[in-house]
Amino acid sequence: MGKPIQYRAMTNMILDSLNDAQCSAVTAPLSHQLILAGAGSGKTRVLVHRFAWLVDVEAIPLQSILAVTFTNKAANEMRSRIEHFLHVSSRALWIGTFHGIAHRLLRLHWREAGLVEGFQILDSDDQLRFIRRVHVSLNLDEERWPAKQSQWFINGKKDEGLEPQHLSAYGKKEDQVRITIYQAYQEACARAGVVDFADLLLKVHQLWLKQPDILAIYQQQFRCILVDEFQDTNTIQYAWVRLLAGQHNFVSVVGDDDQSIYGWRGAKIENIHRFCQDFPAVETVRLEQNYRSTGMILAAANSLISQNTGRLGKNLWTSGAQGDPVTIYAGFNDWDEARFVVNSIRELQIPFSEVGILYRSNAQSRVIEEVLMQFNIPYHVYGGLRFFERAEIKDALGYLRLIANRDDDAAFERVVNTPTRGIGDRTLVALREYAVAQSVSLWRASIALLEQNHFPARAAHALSHFINWMDTIARDSEPLPLYEQTEYVIQNSGLVEHYRKEKGEKGLARIENLEELVNAARQFDLSEAIEGLSPLNAFLASSALEAGDRQTADSANSVQLMTMHAAKGLEFPVVFLCGCEEGIFPHYRSQDNPNQLEEERRLCYVGMTRAMKKLYITYAESRRLHGKETHHRPSRFLREISPEFCKEARMKTTVSLGVMNRPINKMPEDIKGIQIGQHVSHHVFGKGIVLQHEGHNEHARIQVRFETSGTKWLIASFVTAV
DNA sequence: CCGGGTAACATTTTT
DNA sequence: TGTTACCCGG
């Protein structure tokens with residue numbers, strides 16, 4: 001039986017350079033599939049090739065395959081690899097995050113889903129503010145009812161697919177109050193025409209349940225569903241996949257139970273087990289050959305993770321070199337530990353960008369940063385605010401949101417008095433009360449109360465001015481292209497003058513960010529837009545759904561510092577796992593719960609398996625924590641790694657500062673003369689200007705904005721005046 | 001409305 | 001220790 005040449009050529013390309021396990025995952029006949037993909041086993045590759053196989057060999061149309069991931073990063077990577085591999089345009093591809101795809105569906109079916117056409121998306125920050133407002137309107141004491149907890153409660157319930165009416169009011173009084181808050185919050189969202197992240201999934205799920213005809217459309221469209229990082233799915237996501245799969249479609253899930261580290265935010269590792277029960281005839285493939293790490297590193301990691309119970313079972317192996325044993329270092333204190341890390345980096349003589357320093361919690365970066373700075377080693381810390389999460393950006397977007405939808409109360413609250421325009425608390429309280437009582441938005445409440453002459457002259461004047469002004473800029477900017485509209489709003493909102501007044505140079509950075517927002521709008525790819533969605537609404541949605549990169553990519557040749565959570569999916573030739581002490585890692589809040597403890601162990605496993613060639617694990621016998629000297633025993637994880645794969649290290653080079661003491665930085669006399677605005681230079685970061693300073697003598701630190709390396713806090717003695 | 005002083009607090013993070 | 005939130009006085 002001769003197969004078409006096209007078929008064979010393509011098949012060869014698809015199967016080229018795959019190992020046996022990968023190959024069987026890619027070429028499996030149509031059925032439900034569970035692909036257990038160990039760390040570094042070529043998971044993405046298998047997904048991409050499976051996709052290609054389905055298209056080319058199984059003749060599934062492109063638009064009949066749905067590929068879902070958790071992060072935009074993963075989605076973008078898969079998309080671009082598939083585009084390259086198949087030479088297709090992204091138009092027809094259904095690849096995206098759960099939230100992104102749900103959003104796309106809600107824009108198509110907003111009416112059936114009970115939403116307004118221009119609905120906006122609340123990010124977690126907006127959501128928290130919004131919940132605060134709800135608390136106030138319910139007269140709840142912020143002491144007893146922290147808004148954070150309500151947010152946690154509401155999101156938790158939504159992730160379980162539960163709405164207020166599903167929740168029993170028979171529970172504890174506390175729960176009853178929470179349910180009331182949940183209910184009131186939902187009503188407030190409906191009035192404002194906004195949805196939160198969890199709503200995106202929940203509302204699509206409800207839509208499908210309530211309107212079988214719509215569900216049927218998508219069940220018929222998506223013959224194959226691929227889910228990445230399946231161990232991270234939560235209840236609603238699982239329900240979503242199950243519903244969409246129906247009786248006739250095929251689901252392939254890819255995941256690794258040993259890398260499940262997001263249980264604390266609702267991920268259900270059990271979904272992997274449930275999958276095998278709920279879906280008939282699941283074919284399981286294990287990808288255990290690792291292409292990343294040395295034999296020693298894998299053996300060490302395997303020995304650790306084997307302590308966990310209830311695993312599906314998997315042992316990573318490599319055909320590559322054994323490599324060096326894992327280096328364990330016991331530091332005298334946190335400074336000593338940091339110095340060991342930095343010393344080792346210097347001795348390795350490798351590009352800085354090949355080093356990853358991982359820790360359990362962000363606060364641990366500080367000491368390491370300071371030592372890196374002392375040795376003039378460039379570094380990049382992951383985490384922190386993202387572009388679209390910055391206050392000034394959210395202010396500007398607030399105006400745009402009001403233009404798109406005057407009823408958006410979250411946006412209204414944010415910008416109505418930013419910058420201050422004489423609309424005070426009094427006025428707002430009245431507006432909120434009226435809005436809740438009449439079940440209208442704050443915008444409508446403003447108009448109604450102004451008509452009723454409810455306010456004293458001054459307040460009335462300020463408010464009506466704002467209302468009219470919003471309508472005017474909305475009208476005037478409407479015909480402009482997106483970026484001009486953005487620019488117009490920023491210029492006319494008074495935000496620029498507002499931030500210009502901010503003391504220090506912080507305001508300057510904010511104004512620059514506002515300018516950057518105009519650029520972002522200019523570059524916004526309108527092809528991403530969903531049919532029927534205005535450019536403005538598309539831009540606003542994408543700003544919530546893809547909040548942008550974390551910080552700028554000045555990481556060209558710098559050491560990478562991040563939490564172990566953030567390191568998932570990444571790899572480095574050299575990895576340092578720091579702070580491996582009981583109470584730090586595993587974290588003390590996980591110590592008494594066996595499940596949480598196992599998750600910590602998986603986190604350690606994730607950290608270890610990031611290393612390609614060399615892995616260092618360090619701990620400190622004493623450490624400064626919350627301002628107090630503390631002592632911790634070495635992490636149990638160190639004991640759980642088989643000793644035959646480890647070796648103890650000592651610091652090879654004596655450090656001039658003295659190993660046993662905290663550093664005492666000599667401060668040149670002239671440092672007192674450093675002033676804001678002064679030009680300085682630094683060995684690594686180059687030339688810059690002093691923005692702020694704090695502390696005295698050896699504690700003096702200064703904030704410098706460098707011409708090319710961004711803004712940094714430094715110990716004052718490390719710069720020289722120019 | 002701001003800013004200073006202070007008290008409380010302190011995982012992990014994506015959408 | 002470092003941050004953040006809140007309260008009160010000018």
Side-chain angles (χ1 to χ4, degrees), chain A residues 68-75 96-103 121-128 132 142-143 146-148 151-152 155 158-159 195-202 229 232-234 236-237 260-267 334 358-367 370 382-386 388-389 417-425 498 501-504 541-548 550 562-569 579 583-591 593 596 599-600 602-604 606-607 623-630 662 694-695 699 701 713:
Chain A
V68 225
T69 63
F70 278 83
T71 64
N72 290 302
K73 197 176 156 202
T97 62
F98 274 104
H99 296 269
I101 287 163
H103 174 245
I121 303 167
L122 295 185
D123 68 17
S124 12
D125 186 54
D126 298 329
Q127 188 190 34
L128 185 61
R132 285 218 175 94
E142 185 72 29
E143 291 273 297
K148 265 261 158 65
Q151 185 180 29
W152 189 255
N155 288 338
K158 287 188 176 180
D159 285 346
V195 297
D196 58 36
F197 287 131
D199 276 339
L200 293 170
L201 298 168
L202 196 56
E229 304 279 16
D232 290 336
T233 47
N234 62 29
I236 187 78
Q237 287 158 341
S260 163
I261 55 174
Y262 288 112
W264 54 275
R265 65 177 198 213
D334 41 352
L358 314 183
Y359 34 76
R360 176 64 233 263
S361 61
N362 293 115
Q364 288 170 256
S365 74
R366 232 195 81 250
V367 173
E370 295 210 359
Y382 282 68
L385 277 189
R386 299 189 299 179
F388 284 100
E389 291 168 351
N417 205 30
T418 319
T420 49
R421 44 173 76 87
I423 299 172
D425 241 13
H498 173 68
K501 275 185 251 160
E502 193 167 335
K503 69 144 201 208
S542 108
S543 76
L545 250 26
E546 317 181 33
R550 293 209 176 264
M562 68 191 82
T563 64
M564 286 177 235
H565 282 95
K568 191 172 151 199
I584 305 269
F585 189 38
H587 195 270
Y588 70 98
R589 294 180 80 153
S590 305
Q591 274 173 328
N593 177 326
Q596 290 184 344
E599 183 156 308
E600 296 277 308
R602 291 193 292 268
L603 183 59
C604 187
V606 167
R623 162 183 310 274
R624 194 129 215 194
L625 205 62
H626 309 320
K628 281 204 173 67
E629 209 71 33
T630 56
R662 288 178 183 283
E694 62 179 32
H699 300 299
R701 302 200 322 140
W713 276 100

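So that the names make sense, note that chain A is the first sequence line, chain B the second, and so on, each numbered from 1.
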Colleague: So A:Tyr262 and A:Asn234, side-chain contact (heavy atoms from CB on, under 4.5 Å) or not? Walk me through it.
Modeller: CA-CA 10 Å; A:Tyr262 288 112; A:Asn234 62 29; over 6 Å; no
Colleague: Whole-Å distance between B:dT14 C1' and A:Leu200 CG?
Modeller: 13 Å
Colleague: In whole Å, what is the span from the CG atom of A:Asn72 to the P atom of B:dT13?
Modeller: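 A:Asn72 atom CG is separated from B:dT13 atom P by 17 Å.
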Colleague: Whole-Å distance between B:dT14 P and A:Leu385 CG?
Modeller: 12 Å
Colleague: For A:Asp123, which contact category applies under a 4.0 Å heavy-atom criterion: base, sugar-phosphate, or nothing?
Modeller: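 Counting heavy atoms under 4.0 Å across all strands, no contact is made by A:Asp123.
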Colleague: Can a side chain N or O of A:Asn155 be found less than 4.0 Å away from OP1 or OP2 on B:dT14?
Modeller: no
Colleague: Between A:Asn417 and A:Ile423 (side chain of the first, backbone of the second, donor and acceptor by atom type, cut-off under 3.5 Å), is there such a pair?
Modeller: yes
Colleague: Taking the side chain as every heavy atom from C-beta outward, state whether A:Leu200 and A:Leu545 have any atom pair closer than 4.5 Å.
Modeller: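 SC-SC contact between A:Leu200 and A:Leu545 confirmed.
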Colleague: Is the base of B:dT12 syn or anti, if syn means a glycosidic angle within 90° of 0?
Modeller: anti
Colleague: Does B:dT15 have its OP1 or OP2 closer than 4.0 Å to a side-chain nitrogen or oxygen of A:Arg386?
Modeller: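 Yes, A:Arg386 has a side-chain N/O under 4.0 Å of OP1/OP2 on B:dT15.
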Colleague: Looking across every strand, which nucleic acid part, if any, lies under 4.0 Å from A:Glu599 by heavy atom: base, sugar-phosphate, or nothing?
Modeller: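 Here A:Glu599 touches no strand at all.
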Colleague: Base, sugar-phosphate, or nothing: which does A:Asn417 touch, judged by heavy atoms less than 4.0 Å apart?
Modeller: sugar-phosphate
Colleague: Counting only distance, no hydrogens or angles, is the base of B:dT15 paired donor-acceptor with the side chain of A:Ser124 under 3.5 Å?
Modeller: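 In this structure, the two groups form a donor-acceptor pair.
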Colleague: Side-chain N or O of A:Arg366 less than 4.0 angstrom from OP1 or OP2 on C:dT1?
Modeller: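 No, no such contact exists.
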Colleague: Which part of the nucleic acid, if any, lies within reach of A:Asp196 when heavy atoms closer than 4.0 Å are counted: base, sugar-phosphate only, or nothing?
Modeller: nothing
Colleague: When you measure from the side chain of A:Ser590, which nucleotide among B:dT11, B:dT13, C:dG2 comes out closest?
Modeller: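 My answer, after comparing the listed nucleotides, is B:dT11.
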Colleague: Measuring from the side chain of A:Trp264 (C-beta onward, heavy atoms only), which nucleotide among B:dT12, B:dC1, B:dT15 has the closest atom?
Modeller: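 So the nucleotide nearest the side chain must be B:dT12.
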Colleague: Figure out the CD/P separation between A:Glu229 and B:dT15, and round it to whole Å.
Modeller: 12 Å
Colleague: Grab the NZ-C1' distance between A:Lys148 and C:dT3 for me, whole Å please.
Modeller: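 It works out to 12 Å between those atoms.
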Colleague: Given the P atoms of C:dT4 and B:dT13, what is the spacing between them in whole Å?
Modeller: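 About 15 Å, rounded to a whole number of Å.
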Colleague: Check whether A:Arg360 reaches the backbone of A:Ile584 with its side chain - one donor and one acceptor, N or O, closer than 3.5 Å.
Modeller: no
Colleague: Which is more 5' along DNA chain B, the nucleotide nearest A:Leu545 or the one nearest A:Ser361? Just name the residue.
Modeller: A:Ser361
Colleague: Out of C:dT1, B:dT15, B:dT13, which has the shortest distance to the side chain of A:Thr563?
Modeller: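 Within the option list, the nearest is B:dT13.
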Colleague: Are B:dT11 and A:His587 stacked, with the base six-membered ring and the side-chain ring centres under 5.5 Å apart and planes under 30°?
Modeller: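 Given the distance and angle limits, yes, they stack.
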Colleague: Dump every N/O contact between nucleotides 6-10 of chain B and the protein below 3.5 Å, one line per pair.
Modeller:
| from | atom 1 | to | atom 2 | distance (Å) |
| --- | --- | --- | --- | --- |
| B:dA10 | N3 | A:His626 | ND1 | 3.4 |

Colleague: Sort out for me which residue in A:His99, A:Gln127, A:Lys158 forms a side-chain contact (heavy atoms from CB on, under 4.5 Å) with A:Asp199.
Modeller: A:Lys158
Colleague: Looking at every heavy atom in both A:Ser590 and A:Glu600, which two are closest together, and how far apart are they?
Modeller: OG-OE2, 3.3 Å
Colleague: Please pick, from C:dT1, B:dT15, B:dT12, the nucleotide with the shortest atom-to-atom distance to any side-chain atom of A:Thr97.
Modeller: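 The closest nucleotide is B:dT15.
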Colleague: Quick one: list whatever passes salt bridge (Lys or Arg N to Asp or Glu O under 4.0 Å) with A:Glu229, sequence neighbours left out.
Modeller: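 Salt bridge (Lys or Arg N to Asp or Glu O under 4.0 Å) list for A:Glu229, sorted by chain: A:Lys43, A:Lys568.
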Colleague: Please state whether the rings of A:His565 and A:Trp264 are parallel, tilted or perpendicular, taking 30° and 60° as the class boundaries.
Modeller: perpendicular
Colleague: Rounded to the nearest Å, what distance is computed from the CH2 atom of residue A:Trp152 to the P atom of nucleotide B:dT14?
Modeller: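 Checked: the CH2 to P distance equals 14 Å.
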Colleague: Indicate whether A:Phe70 forms a stack on B:dT15; treat it as stacked only if centroid distance is below 5.5 angstrom and interplanar angle below 30 degrees.
Modeller: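 Stack criterion not met.
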Colleague: Is A:Asn362 near enough to B:dT11 that one of its side-chain N or O atoms lies under 4.0 angstrom from OP1 or OP2?
Modeller: no
Colleague: Could you tell me the separation between the CG atom of A:Asp232 and the P atom of B:dT14, rounded to a whole number of Å?
Modeller: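 To the nearest whole Å, that distance equals 12 Å.
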Colleague: Tell me the closest heavy-atom pair linking A:Arg624 and A:Asp334, and the distance in Å.
Modeller: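 The answer is N-OD2, 3.2 Å.
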Colleague: In whole Å, what is the span from the CG atom of A:Leu128 to the C1' atom of B:dT15?
Modeller: 16 Å
